[in-house]
Amino acid sequence: MSNAAVPATQDHGRSDGPLHVAIIMDGNGRWAAARGLTRAQGHRRGVEALRRVVRAAHELGIHYLTIFSFSSENWSRPASEIGDLFGLLRRFIRNDLATLHRDGVRVRVIGEREGLEPDICALLNEAEELTRNNTSLNLVVAFNYGSRQEIAHAARRLACEVAEGRRDQRLSNFLLWQAAYSELVFVPMHWPDFDKAALESAIVEYSRRERRFGGLAAKTAS
Ligand code: FPP
């Protein structure tokens, strides 16, 4: 039943909303099947939902919006669907980058770049370079991303740095790691239907949660 998950990682001093919202844009295929459409059409509608939600996140004062757009497991899908998803990413960057930049959005891309087609890497670099000094919303695009892969890479890199004497600190990590003590909101909706109202109601649900971070509730502790 749950299709979009919104882990909100930490507060930023405001009582009313999260600093970071991360979304699994799930359900494009089921949304399309329910309407007799192709999966590609579902993904295209997913991009429209993404545009809406980026705007909404900006309006709602969210600082970081992370979207899961292609996972390291998605390579097991048919080549035609992979081609569609890569095509959508290309079009999204070509068509929307100027607007994102104008709106002060900083784009960052996480995930494995090695093995991606050179033109995709160039577009990802262009998006990051153009927007690197922007300060409104941080849009983090997880592309060819997997948490395990990321943790393994980070551990390898750190091991090298420690071995070379360049670092003696502990690990810092990303989503799976950050998901510890995050609030997860499961939205009974396919991603292409997701909109500002859905984002707001997820934030309302988040704000009602009692966050204990492994400790005791405030009233119990005092
Ligand atoms: C999951 O739905 C969604 C994906 C694997 C891709 C999400 C991608 C987009 C919304 C568009 C491309 C992204 C960018 C940044 C332009 P699913 O296919 O697993 O749906 P299902 O579970 O109903 O089959």
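Counting convention: from 1, in listed order, for ligands and their atoms alike.
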**Student:** Any chance you could measure Leu123, atom CG, to Arg91, atom CZ, to the nearest 0.5 Å?
**Tutor:** 12.0 Å
**Student:** Please confirm whether Arg44 comes under 4.0 Å of ligand 1, counting heavy atoms of the residue only.
**Tutor:** no
**Student:** If you round to the nearest 0.5 Å, how far is CZ of Phe194 from CG of Leu50?
**Tutor:** 11.5 Å
**Student:** Among all protein heavy atoms, pick the one closest to atom 20 (O) of ligand 1 and tell me residue, atom and distance.
**Tutor:** Gly29 N, 3.0 Å
**Student:** Would you say the side-chain atoms of Arg157 pair up with the backbone N or O of Ala152, donor to acceptor, closer than 3.5 Å?
**Tutor:** no
**Student:** If you count the atoms of ligand 1 from 1 in the order shown, which ones are under 4.0 Å from a heavy atom of Asn74?
**Tutor:** 5 (C)
**Student:** Can you pull out the closest protein heavy atom to atom 16 (C) of ligand 1? Residue, atom name and distance to 0.1 Å, please.
**Tutor:** Phe92 CB, 3.5 Å
**Student:** Under 3.5 Å between some N or O of ligand 1 and some N or O of Ser69?
**Tutor:** no
**Student:** Would you check if the distance from the ring center of Phe70 to the ring center of Phe86 is below 6.0 Å?
**Tutor:** yes
**Student:** With heavy atoms only and a cut-off of under 4.0 Å, state how Arg77 meets ligand 1: side chain, backbone, both or neither.
**Tutor:** side chain
**Student:** Could you tell me which atoms of ligand 1, counted from 1 in the order shown, lie closer than 4.0 angstrom to a heavy atom of Arg30?
**Tutor:** 21 (P), 22 (O), 23 (O)
**Student:** Is the shortest N/O to N/O distance between Asn28 and ligand 1 below 3.5 Å?
**Tutor:** yes
**Student:** Nearest 0.5 Å please: distance from the CD atom of Glu48 over to the CZ atom of Arg45.
**Tutor:** 5.0 Å
**Student:** Looking at Asp103 and His58, what are the two nearest heavy atoms and their distance?
**Tutor:** O-CE1, 3.3 Å
**Student:** So which heavy atom in the protein is nearest atom 3 (C) of ligand 1, and how far is it from that ligand atom?
**Tutor:** Met25 O, 3.0 Å
**Student:** Which atoms of ligand 1 have any heavy atom of Leu89 under 4.0 Å away?
**Tutor:** 15 (C), 16 (C)
**Student:** Looking at ligand 1, is there an atom of it that comes within less than 4.0 Å of some heavy atom belonging to His190?
**Tutor:** no
**Student:** Among all protein heavy atoms, pick out the one at the shortest distance from atom 11 (C) of ligand 1; state its residue, atom name and that distance to 0.1 Å.
**Tutor:** Val47 CG2, 3.5 Å
**Student:** List the atom of Arg52, the atom of Pro192, and the distance in Å for their closest heavy-atom pair.
**Tutor:** NH2-O, 2.9 Å
**Student:** Give the C-alpha distance, both sets of side-chain angles, the deciding distance and a yes or no for side-chain hydrogen bond (donor to acceptor under 3.5 Å, both in side chains) between His43 and Asn28.
**Tutor:** CA-CA 5 Å; His43 291 314; Asn28 296 340; 3.0 Å; yes
**Student:** Taking all non-hydrogen atoms of both residues into account, name the closest pair between Val105 and Thr131 and its distance.
**Tutor:** O-CB, 3.2 Å
**Student:** So which bit of Arg39 gets within less than 4.0 Å of ligand 1, heavy atoms only: side chain, backbone, both or neither?
**Tutor:** side chain
